[in-house]
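The structure appears below as C-alpha cells.
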Protein chains: 2
Amino acid sequence: MSSSDVDTGIVLRSDCPSRPVFDQIGDKWSVMVMAVLLERPSRFNAIKRRLEGVTQRVLTQTLRRLERNGMIERRVLPTSPIGVEYSLTPLGRSLREPLGQLYDWAVARADEIRAHQLDYDRRLQS
Amino acid sequence: MSSSDVDTGIVLRSDCPSRPVFDQIGDKWSVMVMAVLLERPSRFNAIKRRLEGVTQRVLTQTLRRLERNGMIERRVLPTSPIGVEYSLTPLGRSLREPLGQLYDWAVARADEIRAHQLDYDRRLQS
DNA sequence: CGGTATCCCACATGATACTG
DNA sequence: CAGTATCATGTGGGATACCG
C-alpha cells in the first residue's frame, strides 16, 4: 500500500499494525470529533452540539476510544459543576496531514463515485 | 479536515460527501483487496488465497461494494469453466497515493499507539 | 470456478432513563 | 455537566451447504 510496501504483503495480514488506525477512521463519529477538536479544545457538550445526531452514550464511547489510542486527551476542569475538556494530542494532530489528503481525495472524487453507484444500482434493476 | 476546509463544518455533517470513502476504508477487507489488485489484476480465488481468513461470501460482498463505488472492475473471462478477473479502475488506482500516506503514518505510529492503549488499559485496572 | 442461499452471532449504534 | 445503566436493533462478518 505504501510507496515502499506495495508488494511485501504486510498490509494483507489481518493483524497488520495499520488496522487500529483504519478501524478508528472507519467508525461513524471519530473523524468528525477530531475535526471539531482540530479547531479548538472543547468540552463534552460543546462537541455534542457541533455533531448533530450523536447521542451522549455514543459520543462518550467515541471519545474513550480516541483517548485510548492516544489521539485525544481528557482534562477535568476544577469548575462547579465540573467540566471536562478534550483536546488533540500531538499524535492526534499529526494525523491531520494524511487524513486531510484522504479527505481531499474523497471530496474531489465524490461526484464520480456517486455516478458509479447510481450506474451500478441502475444495472441491477434491468 | 482538509487544508482548506478546516473550519467550514462540511466534514461535520453525517452526509458529508467523504463518508462513503471513509466507510469503505473502514471495513475489514476492502483495503487489503485493493492492495492485492494493486500488484496485478487477479481472479476470485487468487484474491481469496492471498487473504487468509476471508470467506467466499464476505469476499464477494467486498468486491461488489468496491465495484459499486467504482474502485474495481469485474470482467468475465470466456474460459471453461468461467473465470472472473478483478482489476483496479483508474479511480481505484488514484486512491493509492492518499491511502499510502495514511498507511505509512499508521505503521510509523503503530508502536506509539500501542503504548497508549496498554497505558490506558493498565490505568483501568488500578 | 465463482458464486447464492441460509442461518447465526457479535458488535456498533441508538433511545431512554437515571446520577454524582 | 458529563456522564453510566439498560434495553433494543440493524448490519457486518462468518459457517455451512448448494448451484450453473
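Lettering follows sequence order; numbering is per chain, from 1.
Judged by distance alone, the side chain of Thr89(A) and the main-chain N or O of Ser87(A) form no donor-acceptor pair under 3.5 Å. Looking only at distances, a side-chain donor or acceptor of Trp105(A) sits under 3.5 Å from a matching main-chain atom of Ser94(B).
At whole-Å resolution of the value, CH2 in Trp29(B) and P in dG13(D) are 9 Å apart. Per the geometry, CG belonging to Leu124(B) stands 15 Å off C1' belonging to dT4(D), to the nearest Å. Nucleotide dG20(D) holds its P atom 13 Å from the CD1 atom of Ile82(B), rounded to whole Å.
Using a 4.0 Å cut-off, no side-chain N or O of Tyr86(A) falls inside it from OP1 or OP2 of dC1(D). At least one side-chain nitrogen or oxygen of Lys28(B) sits closer than 4.0 Å to the OP1 or OP2 atom of dG14(D).
Under a 4.0 Å N-O distance rule, the pair Lys28(A)/Asp23(B) does not qualify as a salt bridge. By the 4.0 Å N-to-carboxylate-O rule, Asp119(A) lies close enough to Arg122(A) to be salt-bridged with it. The residues Glu85(A) and Arg43(A) are annotated as not salt-bridged, no charged nitrogen and carboxylate oxygen being separated by less than 4.0 angstrom.
Nucleotides of DNA chain C lying under 4.0 Å from heavy atoms of chain B occupy a range whose first and last members, 5' to 3', are dC1(C) to dT6(C).
Residues from residues 54-65 of chain B that place a heavy atom under 4.0 Å from any atom of DNA chain D, listed by number: Thr55(B), Arg57(B), Val58(B).
Residues meeting the side-chain contact (heavy atoms from CB on, under 4.5 Å) test with Ser30(A), sequence neighbours left out: Gln24(A), Asp27(A), Thr62(A), Leu66(A).
For Arg64(B) and Gln61(B), the side-chain atoms include no donor-acceptor pair closer than 3.5 Å.
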Is there a salt bridge (Lys or Arg N to Asp or Glu O under 4.0 Å) between Glu52(A) and Arg13(B)? Walk through the geometry before answering.
CA-CA 7 Å; Glu52(A) 194 180 1; Arg13(B) 302 182 50 84; 5.0 Å; no
